[in-house]
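See structure below.
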Amino acid sequence: MIQTKKLHYYEEPKLARWLFASRPAAVIWLAARLYLGYEWLKTGWDKVFGPGSAAWMKSGVAVKGFSQFAATQLTKGDHPAVAYGWYKSFLNVIANGQYHWIAKVVAVGELAIGIMLILGVFTGIAALFGATLNFSYVFAGSAGVNPLFILISIGLILAWRVAGYYGVDRYLLPLLGTPDEPGKVFSRTHARGAVRAAA
């Protein structure tokens, strides 16, 4: 007979439960969401509709130039700005032919992330995509506002249950639910399927 160890369940601290899952804390995440959403919207808007949009939406040379520069630049010492060899190889692949479509994905992606965060639509997912872009910029040797944006995004990801409470998620999440707990839409679909199967 195989004995299995019983896993001990640890409750999250009260402060974490309040900060990441309570309605009063949703006001904090609303402010963070609007700030981050505005920044992404502004950046994406410039790339898609601004004066220099052709470098992103038509030729893609903005990404080509950035990739080439990041893959070859050196810091004041002898070390390259890109700390990881695999990421330097990735940037070289982009610069040598993949920049056309990646530039469009980045520009439209930034715009979409901004809109989703401002409206509070799938807030946790939008913040995850935003953090992914920020990490890619950091890996390429660009710090700037990226660390701050990553921190805010991590907070929004952890607070996904309430970060969009003052937004579309307030109505969307109960309808769709989560993989563990289907919402009203999928509960009805599941119930109809069960009735048909029983018939």
Would you say CZ of Arg23 has more than 12 non-hydrogen atoms from neighbouring residues, nucleotides or ligands within 6.0 angstrom? no
Mark yes when over 12 heavy atoms from residues, nucleotides or ligands other than Tyr137 sit less than 6.0 Å from its OH; otherwise mark no.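 Check passes, neighbour count above 12.
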Could you go through Phe66 and Val106, starting from their C-alpha distance and side-chain angles, then the distance that decides it, and tell me whether this counts as side-chain contact (heavy atoms from CB on, under 4.5 Å)? CA-CA 13 Å; Phe66 177 77; Val106 169; over 6 Å; no
Report yes or no: do [X] and [Y] belong to one cluster of Ile/Leu/Val/Met/Phe/Trp/Tyr joined by side chain heavy-atom distances under 4.5 Å?
X	Y	result
Val185	Tyr171	no
Tyr38	Val145	no
Phe139	Ile150	yes
Leu151	Phe135	no
Val27	Val168	yes

Could you tell me the separation between the [atom1] atom of [X] and the [atom2] atom of [Y], rounded to the nearest 0.5 Å?
X	Y	atom1	atom2	result
Thr123	Leu173	OG1	CG	7.5 Å
Leu34	Leu41	CG	CG	11.5 Å
Phe129	Met116	CZ	CE	7.5 Å
Ile125	Ile113	CD1	CD1	12.0 Å

Keeping Arg33 on the side-chain end and Leu156 on the backbone end, is there a donor-acceptor pair under 3.5 Å?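 Not confirmed, Arg33 side chain does not pair with Leu156 backbone.
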Tell me whether Asp46 contacts the main-chain N or O of Thr43 through its side chain, where contact means a donor paired with an acceptor under 3.5 Å.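 Not confirmed, Asp46 side chain does not pair with Thr43 backbone.
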Looking at every non-hydrogen atom in both residues, tell me the closest pair between [X] and [Y] and how far apart they are.
X	Y	answer
Ala103	Gly60	CB-CA, 3.6 Å
His100	Ser59	CD2-O, 3.2 Å
Ala26	Val162	CB-O, 3.4 Å
Leu91	Ala140	CD1-CB, 4.2 Å
Ile94	Val63	CG2-CG1, 3.5 Å

If the condition is ring-ring contact (aromatic ring centres under 6.0 Å, His included), which residues does Trp45 pass it with, not counting sequence neighbours?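 ring-ring contact (aromatic ring centres under 6.0 Å, His included) check on Trp45 returns Phe49.
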For Phe90, which residues count as a ring-ring contact (aromatic ring centres under 6.0 Å, His included) partner, sequence neighbours excluded? Tyr87
Set of residues satisfying salt bridge (Lys or Arg N to Asp or Glu O under 4.0 Å) with respect to Lys104, sequence neighbours excluded: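 Checked Lys104 against salt bridge (Lys or Arg N to Asp or Glu O under 4.0 Å); zero matches.
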Determine whether [X] and [Y] make a side-chain contact, defined as any pair of heavy atoms from C-beta on separated by less than 4.5 Å.
X	Y	answer
Trp56	Val48	no
Leu176	Phe122	yes
Leu111	Lys47	no

Should the ring pair Phe149 and Trp40 be called parallel, tilted or perpendicular, given that the plane angle runs from 0 to 90° and is split at 30 and 60?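 Tilted.
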Which pairs with one or both residues in residues 147-173 pass salt bridge (Lys or Arg N to Asp or Glu O under 4.0 Å), sequence neighbours excluded?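 For residues 147-173, and leaving out neighbouring residues, there are no salt bridge (Lys or Arg N to Asp or Glu O under 4.0 Å) pairs at all.
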May I have all residue pairs that pass salt bridge (Lys or Arg N to Asp or Glu O under 4.0 Å) and include part of residues 117-132, sequence neighbours excluded?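 Every candidate salt bridge (Lys or Arg N to Asp or Glu O under 4.0 Å) pair involving residues 117-132 fails, so no pair, neighbours aside, qualifies.
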With sequence neighbours excluded, tell me which residues meet side chain to side chain contact (heavy atoms under 4.5 Å, CB included) with Pro13.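 Applying side chain to side chain contact (heavy atoms under 4.5 Å, CB included) to Pro13 gives Ala16.
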Passing option when Val121 is tested against Ile118, Leu117, Leu119 for side-chain contact (heavy atoms from CB on, under 4.5 Å): Leu119
For Val108 and Met57, run side-chain contact (heavy atoms from CB on, under 4.5 Å): C-alpha distance rounded to whole Å, both residues' side-chain angles, the deciding distance at 0.1 Å, then the answer. CA-CA 9 Å; Val108 174; Met57 300 304 292; 3.9 Å; yes
Candidate pair Trp29 and Tyr166, rule side-chain contact (heavy atoms from CB on, under 4.5 Å), full reasoning: CA-CA 9 Å; Trp29 299 115; Tyr166 294 109; over 6 Å; no
